[in-house]
Amino acid sequence: MATQFDRLGLRTRADVERRQKALWRRLQPVLARTPAVAAYAGRPLGDFPISTPGQVRSAFAEWNTLSLDEASAMAAAQAAEEGREGGLPGGVTAGFSTGSSGSRGLFLASPAERAAYVGHALARFLPLKAPLQPLRIALCLRADSALYRDVGGAGRVSFEFIGLDTPTDQRMARLHAFQPDVLIAPSHVLADVARCIQRGAQWPLRRLFYGAEPMGEGERDWIGQRLGLRPDPIYQATEGFLGAACRFGTLHLNEDVLIVERDPIPGTNRFRPIVTDLRRVSQPVVRLRLDDLLEPAGPCRCGSPLLAVQGVEGRYEDLWRWGDQVIPPREVENALVDALGPQQDWRVTASPGRVVVEVDPATAPVAIGALDRLLSNVETRPTIVVGPPPIWDQPKRRRIRWSDAG
């Protein structure tokens, strides 16, 4: 079956790498205008320093090509979020995202970058030969922005933004009225929708995506049963659109416009991605090491030459670790979902001396048993403590965490 990558001539890894090299050469004048890395322009990628999101955000003026200071961009982003005119010179817009840590990240986008985002996103969200008929996309986010409103102007596409602070009954009423073909939402929102709706959504869903938060296979299956379509991962951060699922539900990184280096995690087959965006101009991204945990998925039957990975399972700091013994978040997720069922709400935090599981008291013994089995090979066994059911008071659901204290 043809894909959008056939149009780009990307059938093999060699094709992808040739395209990356060409885009990298084309990016050099942009990097020469970026104060943080101007001294490295024209040199091989490996000569550029690796940065973290925190370092980039703390040096905002050094990491944009528009000579914008952070205060001006923040003011524009805040105005846009409040529905006021927040545009910057040249049609550039500023906006906030929750970022992978849950704290607000500040991003810039020119009209050309917004148009490129829309085209790239639609190409990844929909089949290449999707019927030329009206398409309704519902997107649940913390806040609206021009970047997403532009999707609503993409030809036959209509767009419905639903804020994360929208009460459940109002969210459901708006979804029923809008009848989305595509629904994109954080994991906890899709779980909430699945609990509220009758089995098999009365919507003409053609694609269903989750992002911003991890989702285990058990929860994906359960939501799929409730909504009539299994949710697929999308990988987006303040730093850009990083990946989306193919028609088989496998997450592929957007290596047609990114270079993704791998920073291996000792004791696991996971890695942290070091991302270079080959098309961003307003706010370049060069060798930015993210804290997301990714696991290679092996070759995908869709035939895409882009790297296939499991859905993002959490953050590097969420790894459970006792000396050289490491338990990745996905193993914790699988153990508890297998024991409690995918519809159960819970949160679990490990530390050197104990593991605190927040769960319905009626299911606490089952959760303790699952964790006890999971920790059976840990030499210094932590104590398992039960707490009350979790209260989610942050923008993102983080069900598996590690704390160095305790």
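Just so it is clear, the values below take in all heavy atoms, side chains as well, and ignore hydrogens, waters and symmetry mates.
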Could you pull out every donor-acceptor pair under 3.5 Å between side chains of residues 360-370 and any protein atom, sequence neighbours left out?
| residue | atom | partner | partner atom | Å |
| --- | --- | --- | --- | --- |
| Asp360 | OD1 | Ala362 | N | 2.9 |
| Thr363 | OG1 | Asp360 | O | 3.0 |

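Side chain of Ser187 to main chain of Pro214: a donor-acceptor pair is present (N/O by atom type, distance under 3.5 Å, no hydrogens or angles). Looking only at distances, a side-chain donor or acceptor of Gln325 sits under 3.5 Å from a matching main-chain atom of Glu379. Remark: side-chain polar atoms of Ser110 are paired, donor with acceptor, to backbone N or O of Glu113 under 3.5 angstrom. Judged by distance alone, with hydrogens and angles left aside, the side-chain atoms of Ser403 form a donor-acceptor pair with the main-chain N or O of Ala405 at under 3.5 Å. Although no hydrogens or angles enter the test, the distance criterion places a donor-acceptor pair under 3.5 Å between the side chain of Arg174 and the main chain of Phe161. For Arg270 (side chain) and Pro264 (main-chain N/O), no donor-acceptor pair under 3.5 Å exists by modelled atom type. A distance-only check finds a donor-acceptor pair linking the side chain of Arg287 to the backbone of Phe48 [under 3.5 Å]. Gln283 places no side-chain N or O within 3.5 Å of a backbone atom of Trp63 that could act as its donor or acceptor partner. Remark: side-chain polar atoms of Gln344 are not paired, donor with acceptor, to backbone N or O of Gly341 under 3.5 angstrom. Side-chain atoms of Arg114 come within 3.5 Å of backbone N or O of Ala109 as a donor-acceptor pair.
In terms of heavy atoms, Gly311 sits closest to Leu251 at CA-CD2, 4.1 Å. Residues Pro388 and Glu358 come closest through the heavy atom pair O-CB, 3.0 Å. What you find for Arg220 and Pro233 is that their closest heavy atoms are NH2-CD, 3.7 Å. In terms of heavy-atom proximity, Phe178 sits nearest to Ser158 at CZ-O, 3.8 Å. Across Asp232 and Gly249, no two heavy atoms sit closer than the pair OD1-CA, 3.2 Å. Taking both residues in full, the closest heavy atoms of Ile223 and Ala191 are given as CD1-N, 3.8 Å, listed atom of the first, atom of the second, then distance.
A salt bridge links Arg230 with Glu217: at least one charged nitrogen is closer than 4.0 Å to a carboxylate oxygen. Using a cut-off of 4.0 Å between Lys/Arg side-chain N and Asp/Glu carboxylate O, Asp318 and Arg315 are scored as not salt-bridged.
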Q. Under the salt bridge (charged side-chain N to carboxylate O under 4.0 Å, His left out) criterion, do Asp221 and Arg226 qualify, and how do the steps go?
A. CA-CA 9 Å; Asp221 290 339; Arg226 298 293 299 175; over 6 Å; no
Q: Before giving the answer on side chain to side chain contact (heavy atoms under 4.5 Å, CB included), spell out for Val348 and Leu336 the whole-Å C-alpha distance, their side-chain angles and the decisive distance to 0.1 Å.
A: CA-CA 10 Å; Val348 60; Leu336 286 173; 3.9 Å; yes
Q: Evaluate the criterion side chain to side chain contact (heavy atoms under 4.5 Å, CB included) for residue pair Leu242 and Val275; output intermediate values, then yes/no.
A: CA-CA 9 Å; Leu242 305 179; Val275 175; 4.1 Å; yes
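Residues Val257 and His120 meet the side-chain proximity criterion, which asks for heavy atoms closer than 4.5 Å. Using a 4.5 Å cut-off on side-chain heavy atoms (C-beta onward), Asp192 and Arg171 make contact. Between Trp346 and Val337, some side-chain heavy-atom pair lies under the 4.5 Å cut-off. The shortest side-chain heavy-atom distance between Ile137 and Pro180 does not fall under the 4.5 Å cut-off. Looking at Ile197 and Leu227, their side chains come closer than 4.5 Å, going by heavy atoms from C-beta outward. Side-chain contact between Val309 and Phe271 is present, with at least one heavy-atom pair separated by less than 4.5 Å. Using a 4.5 Å heavy-atom cutoff, the side chains of Val189 and Tyr210 are not in contact. Under the 4.5 Å side-chain criterion, counting only non-hydrogen atoms from C-beta, Phe241 is not in contact with Leu258.
Each of Leu306, Leu23, Leu278, Val16 was evaluated against Asp256; a single residue qualifies, Leu306, per the side chain to side chain contact (heavy atoms under 4.5 Å, CB included) test. For the side chain to side chain contact (heavy atoms under 4.5 Å, CB included) test with Arg206, the passing option among Leu183, Leu135, Leu229 is Leu135; the others fail. The only member of Glu213, Glu317, Glu313 that meets salt bridge (Lys or Arg N to Asp or Glu O under 4.0 Å) when paired with Arg398 is Glu317.
More than 12 heavy-atom neighbours from other residues, nucleotides or ligands sit within 6.0 angstrom of CG on Asn269. Within a 6.0 Å radius of CZ in Arg26, other residues, nucleotides and ligands contribute 12 heavy atoms or fewer. By the 6.0 Å contact criterion, CG on Asp47 is enclosed, its count of non-hydrogen atoms from other residues, nucleotides or ligands being greater than 12.
A donor and an acceptor atom, one from each side chain of Asp292 and Tyr316, are nowhere located under 3.5 Å apart.
Using bins of under 30°, 30° to 60° and over 60° for the plane-to-plane angle, the ring pair Trp322/Trp402 lands in the perpendicular bin.
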